[in-house]
Amino acid sequence: MTTANIPGNTALPSNTARAATPSAPFGTDVTWTNWGGNQSATPAFTVRPRTEQEALDAVRFAIREGLPVRAVGSGHSSSPLVQTGGVLMDMSAMSAITGTDPARRRARALAGTTINAFGDQLWEQGLALGNQGDIDKQQIAGALATSTHGSGKDLGSFSSSLRWVKLINGYGEIVEIGEGQLRELRAAQVALGTLGVFLEVELAVEDRYYLQEEITYPTWAETASTWDTDIDSNRHYSFLWCPEDDSCELLDLPGAPGQRMAGRSYTKRYNIAQLQDERDIARTEGARLDRSYRIYPGGFTTQFHELEYFVRREDGFAAVEAIQDLIRTRHPEQKYPVEVRWVKADEAYISQFQGRDTTVITLTTEPGTDYWPFFRDADALLQEFEPRAHWGKIHFMTRSRLERLYPGLDTFIRIRREFDPRGIFLNDHTRALVG
């Protein structure tokens with residue numbers, strides 16, 4: 001195992017097996033399609049490693065054969081991150097919590113471990129994830145690669161919690177990056193799969209905690225009047241503004257009993273609560289009291305496509321009202337709620353939250369519809385706020401935009417090239433952005 005900061009070998013180890021096919025279970029010319037149904041690819045090989053050695057052998061096989069490599073998680077990304085005609089690494093068989101350290105508040109897991117697998121096992125050790133999003137089916141490596149997040153002004157994304165990673169680099173070596181290598185760690189925290197194939201990660205976690213849920217349905221005027229107070233006074237605060245009465249139903253969320261939802265916000269407040277006896281757990285919809293990891297996810301079971309943009313916290317209110325006006329005046333066909341959340345700044349070079357506390361605006365559309373005109377107009381409208389984009393959602397980011405928005409981009413690209421000088425972990429989409 002290699003622990004150097006910068007890999008230096010340019011040739012594969014001399015004992016590398018010369019196999020004509022990968023040693024791990026694999027399929028050939030198998031079409032992959034993402035969860036939302038808008039991205040697909042037919043790689044030459046779809047490899048499903050079960051062990052670290054099988055994953056390493058698969059990458060070395062790809063290097064020998066001159067094939068590009070992309071890793072795939074649960075397929076929740078709407079952007080073309082996964083597409084490859086070479087080797088697609090399906091990491092789902094490498095799933096396990098591999099260690100916990102309650103004293104240091106750390107947890108290790110294999111790359112294919114899904115977010116929902118952390119809950120019970122961490123809880124038994126007195127620990128919990130510090131935050132989660134609306135969906136918990138993503139594999140942890142994919143959530144890290146794209147800076148997946150929840151909501152809370154003092155809480156960062158999953159990527160901000162990464163403290164150590166073991167990966168396979170473009171030389172066919174296993175490399176570890178830890179807290180003593182901040183330059184490389186800040187690249188690995190959000191890397192879009194371009195540094196290499198993640199094998200195992202260590203996350204900073206928290207002591208376990210319970211959350212009290214409060215769901216309300218204020219009008220937009222009421223939402224606006226308590227904007228800063230709600231953001232600042234709740235551990236987790238977010239809302240979904242509904243343009244139509246049936247907007248909530250499109251995301252499997254209950255509407256306000258006996259009230260019309262058009263112009264209202266489905267509002268979520270979650271705060272830490274004390275609970276001495278789990279017989280007092282409450283499961284009443286809208287007022288649940290339970291373990292943190294049971295509270296976060298909810299709704300969002302049907303397929304959809306999303307564009308998610310990130311603006312500075314201080315620009316959030318103006319940006320949300322601009323989107324509302326866009327829907328009312330130019331895109332009244334858009335019925336899905338507009339979700340609004342908050343995330344704390346971090347230091348990862350190409351994180352959406354790099355260097356700025358952020359308001360998150362999520363626009364959702366129905367699969368099978370022509371969502372491009374709406375998304376293009378939203379992209380153009382938000383440009384005055386210098387928006388960044390969720391790497392795992394539909395977006396219009398270009399290299400020139402990245403150069404303007406990410407002061408650490410050049411450093412990230414240098415590190416990416418140190419780990420993968422041949423660019424075997426790039427595809428057309430990532431090459432245009434960070435190649």
Side-chain angles (χ1 to χ4, degrees), residues 133-135 149-153 211-271 282-289 295-302 304-311 313 315-343 358-366 369 371 374-375 377-378 381-382:
D134 301 313
I135 299 173
H149 61 90
S151 188
K153 75 175 184 69
L211 287 176
Q212 174 69 62
E213 174 185 67
E214 181 187 6
I215 305 296
T216 59
Y217 305 89
T219 64
W220 177 246
E222 292 167 337
T223 301
S225 69
T226 58
W227 184 272
D228 286 317
T229 299
D230 280 323
I231 298 168
D232 291 332
S233 61
N234 293 283
R235 176 183 171 93
H236 309 277
Y237 170 70
S238 63
F239 66 84
L240 296 97
W241 175 77
C242 297
E244 298 291 344
D245 288 334
D246 60 351
S247 294
C248 274
E249 298 171 15
L250 297 174
L251 292 177
D252 305 319
L253 299 171
Q259 294 178 315
R260 299 187 61 181
M261 280 302 298
R264 290 184 179 272
S265 303
Y266 178 97
T267 300
K268 299 191 287 187
R269 298 177 182 85
Y270 300 150
N271 288 291
R283 295 188 172 89
T284 303
E285 185 70 39
R288 294 176 297 161
L289 171 60
I295 291 288
Y296 288 117
F300 303 87
T301 58
T302 57
F304 51 79
H305 302 315
E306 286 186 336
L307 175 147
E308 185 167 289
Y309 274 16
F310 304 82
V311 301
R313 172 181 166 171
D315 293 331
F317 184 79
V320 170
E321 288 208 315
I323 289 294
Q324 291 174 330
D325 187 61
L326 175 69
I327 292 173
R328 293 190 189 101
T329 60
R330 298 175 60 186
H331 291 280
E333 78 283 358
Q334 298 302 323
K335 310 296 186 185
Y336 277 82
V338 176
E339 186 172 21
V340 183
R341 290 172 285 177
W342 286 265
V343 181
T358 296
T359 301
V360 183
I361 302 171
T362 307
L363 306 180
T364 305
T365 58
E366 183 178 0
T369 61
Y371 47 78
F374 175 48
F375 282 171
D377 287 346
L381 177 72
L382 292 174

| query | R235 versus L211: any side-chain heavy-atom pair under 4.5 Å? | reply | yes

| Of all residues at least two apart in sequence or in a different chain, which pass the salt bridge (charged side-chain N to carboxylate O under 4.0 Å, His left out) check with D232? | R313

| query | Does a side-chain heavy-atom distance below 4.5 Å link T362 with R341? | reply | yes

| query | Are the side chains of F374 and T369 in touch, meaning some heavy atoms are under 4.5 Å apart? | reply | no

| query | Does the side chain of Y336 reach to within under 4.5 Å of the side chain of L251, using non-hydrogen atoms? | reply | yes

| field | Residue that, paired with L240, satisfies side chain to side chain contact (heavy atoms under 4.5 Å, CB included) out of V340, V338, L253 | value | L253

| field | side chain to side chain donor-acceptor pair (under 3.5 Å) against S225, all qualifying residues, sequence neighbours excluded | value | none

| task | Nearest 0.5 Å please: distance from the CD1 atom of I323 over to the CZ atom of R328. | result | 11.5 Å

| request: Please list, chain by chain and in numerical order, all residues satisfying ring pair (Phe, Tyr, Trp, His ring centres under 6.0 Å) with Y237, sequence neighbours excluded. | output: W342

| note | The side-chain contact (heavy atoms from CB on, under 4.5 Å) partners of E244 (sequence neighbours excluded) come to D246, S247, K335

| said: If you define the side chain from C-beta out and look only at heavy atoms, does anything of I361 sit under 4.5 Å from W241? | reply: no

| In Å, rounded to the nearest 0.5 Å, how long is the span from CZ of F304 to CG of L250? | 11.5 Å

| query | Atom CD of Q259 and atom OH of Y217: how far apart are they, to the nearest 0.5 Å? | reply | 9.0 Å

| said: Looking at every non-hydrogen atom in both residues, tell me the closest pair between L381 and A322 and how far apart they are. | reply: CD2-O, 3.3 Å

| remark: So CD of E333 and OG1 of T365: to nearest 0.5 Å the spacing works out to 10.0 Å

| note | Applying salt bridge (charged side-chain N to carboxylate O under 4.0 Å, His left out) to E213 and not counting sequence neighbours gives R288

| Side chains of E339 and T364: does their closest heavy-atom pair fall under 4.5 Å? | no

| task | Please round to the nearest 0.5 Å and tell me the distance separating atom NZ of K268 and atom CD of E214. | result | 13.5 Å

| Distance in Å, R283 CZ paired with L289 CG, rounded so as to fall on 0.5 Å steps | 10.0 Å

| Shortest non-hydrogen separation from S151 to H236 and the atoms involved | O-ND1, 2.8 Å

| query | Do Y266 and F239 make the cut of ring centroids closer than 6.0 angstrom? | reply | no

| When you measure from the side chain of T226 to the backbone N and O of T229, does any donor-acceptor pair fall under 3.5 Å? | no

| request: List the atom of P337, the atom of P243, and the distance in Å for their closest heavy-atom pair. | output: CA-CD, 4.1 Å

| Hey, are the side chains of T359 and F317 touching, using non-hydrogen atoms and a 4.5 Å cut-off? | no

| request: State, to 0.1 Å, how close T223 and P218 come at their nearest heavy-atom pair, and which atoms those are. | output: OG1-CG, 3.4 Å

| request: Give the minimum heavy-atom separation between A262 and D245, together with the two atoms involved. | output: N-OD1, 2.9 Å

| field | Sequence-distant partners of D315, salt bridge (charged side-chain N to carboxylate O under 4.0 Å, His left out), two or more places apart | value | none

| said: Within the 3.5 Å criterion, strictly below it, is a donor on S233 or R269 matched to an acceptor on the partner's side chain? | reply: no

| said: Minimum heavy-atom separation for Y309 and L382, please, with both atom names. | reply: CD2-CD1, 3.8 Å

